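See structure below.
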Amino acid sequence: MREEIGYIPLGEVELYVEDTGPLSAPAFIVLHDGPGGSAYPLREGLSEYLEGYRVVYFDQRGSGRSLELPPDPRLFTIDALVEDVCGLAEALGLERFRLLGHGFGGLVALEVARRVEVDGLLLIGPWLSFPWLSQQLCRAAGCEPGEGPEDNLARALAKADPKALFDRLMFPSLHGRLEYEWLLEGAALLDRAAVGLAFVKNGLWRLDYRPYLSGLRAPVEVVVGERDGTSYPLVEEAMAFLEGGLQVLPEAGHFPWIDDPEAFGRAIRTALSSLVGV
């Protein structure tokens, strides 16, 4: 299989990029979870389902294996992430492409599609509202959520550390959590918590993306685990504003390819067929 790995400079950033698959095939740019994550778990988990497509995996600015940036909030905005995707597509000569976004990457993918023409989006457990997510974290910590997202977040973090809270929302089983942690341990990725903190300083937890969904023109296919407390059931309500399909996997959480590979395989094949037509 064709595979080109390297760093691509885009203005003030250098992005780690893995460009895989046939050059002539329909192309997907993959946007990983985060902020501050890496495309490594997605390539490890999704590559077998995306065989035959041109798939571009990259680590977002300052994250994963991309070059580190100073923790300046100016550098870490949704606008900047969108510009990186557009710049990457141009650098790779992609005039037409689709987007695949997971979690936080799903929100970024939606904003890219709102600004530029793309051929479609495949979203896995997309995050659509940080105020809603703050309420979910509060409940996971055993607190009754209030009105303010930052207050909810502070109350939740006073009860438990962030990893423990997100684990409760994302993983329906100990097996799934351990398998994901084993994968990350093998990747030996550097901790880029500063990226997430920079987004927090920029007011990320006040961002509710749902009002922007009605302006989207590209078709959207969504796959979500019913036990993904970071995305479901909010994404089910949001589909009223999107042109596309929703597939809910009952036994899966935020990483459905780990929790229920068979059901996820069927779901992603259906989504790809709808988006690409093959």
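Computed from a predicted model, the values in this text were never measured in an experiment.
Shown here are the side chain to side chain donor-acceptor pair (under 3.5 Å) partners of Q136, two or more places apart in sequence or in another chain: R139. Qualifying side chain to side chain contact (heavy atoms under 4.5 Å, CB included) partners for S134, counting only residues two or more places apart in sequence or in other chains: P149, N152, W205. In this structure D161 satisfies the side chain to side chain donor-acceptor pair (under 3.5 Å) test with no other residue, sequence neighbours excluded. For F264, the ring-ring contact (aromatic ring centres under 6.0 Å, His included) criterion is met by Y49, W257, not counting sequence neighbours.
Under the 6.0 Å cut-off for aromatic ring centres, F171 and F255 qualify, their centroids lying closer than that. The six-membered or imidazole ring of Y209 lies away from that of F130, with a centre-to-centre distance of 6.0 Å or more.
Applying the salt bridge (Lys or Arg N to Asp or Glu O under 4.0 Å) rule to pairs touching residues 90-101 yields R96-D119, sequence neighbours excluded. The list of ring-ring contact (aromatic ring centres under 6.0 Å, His included) pairs with a residue in residues 216-252, not counting sequence neighbours, is empty.
The pair R227-D259 does not meet the salt-bridge criterion, since no charged nitrogen lies less than 4.0 angstrom from a carboxylate oxygen. Between K163 and E181, at least one side-chain nitrogen of the basic residue sits less than 4.0 Å from a carboxylate oxygen of the acidic one, meeting the salt-bridge criterion. In this structure, R2 pairs ionically with E4, as a charged nitrogen and a carboxylate oxygen lie closer than 4.0 Å. Between R74 and D79 there is no salt bridge, since none of the side-chain N atoms of the basic residue sits less than 4.0 Å from a carboxylate O of the acidic one.
Across Y40, Y57, Y7, a single residue satisfies ring pair (Phe, Tyr, Trp, His ring centres under 6.0 Å) together with Y16, and that is Y7. Partner L100 forms a side-chain contact (heavy atoms from CB on, under 4.5 Å) with one of L275, L50, V56 and no other, that one being L50.
Atom CG of L157 and atom CG of L165 lie 6.5 Å apart (nearest 0.5 Å). Going from atom CZ of R269 over to atom CD of Q247 covers 10.5 Å, rounded to the nearest 0.5 Å.
The minimum heavy-atom distance linking V235 with P126 is given by the pair CG2-CG, 3.8 Å. The shortest non-hydrogen separation linking V82 to V108 is CG2-O, 4.4 Å. When every heavy atom of P26 is checked against every heavy atom of V276, the shortest pair comes out as CG-CG1, 3.8 Å.
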TODO: Please test E12 against R61 for salt bridge (Lys or Arg N to Asp or Glu O under 4.0 Å), starting from the C-alpha separation and ending with a verdict.
DONE: CA-CA 9 Å; E12 61 193 357; R61 58 169 50 211; 3.2 Å; yes
Task: Worked verdict on T230 versus D228 for side-chain hydrogen bond (donor to acceptor under 3.5 Å, both in side chains) - done: CA-CA 5 Å; T230 68; D228 179 3; 2.6 Å; yes
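Counting only N and O atoms by type, the side chains of T20 and E3 include no donor and acceptor under 3.5 Å apart.
No more than 12 heavy-atom neighbours from other residues, nucleotides or ligands sit within 6.0 angstrom of CD on E51.
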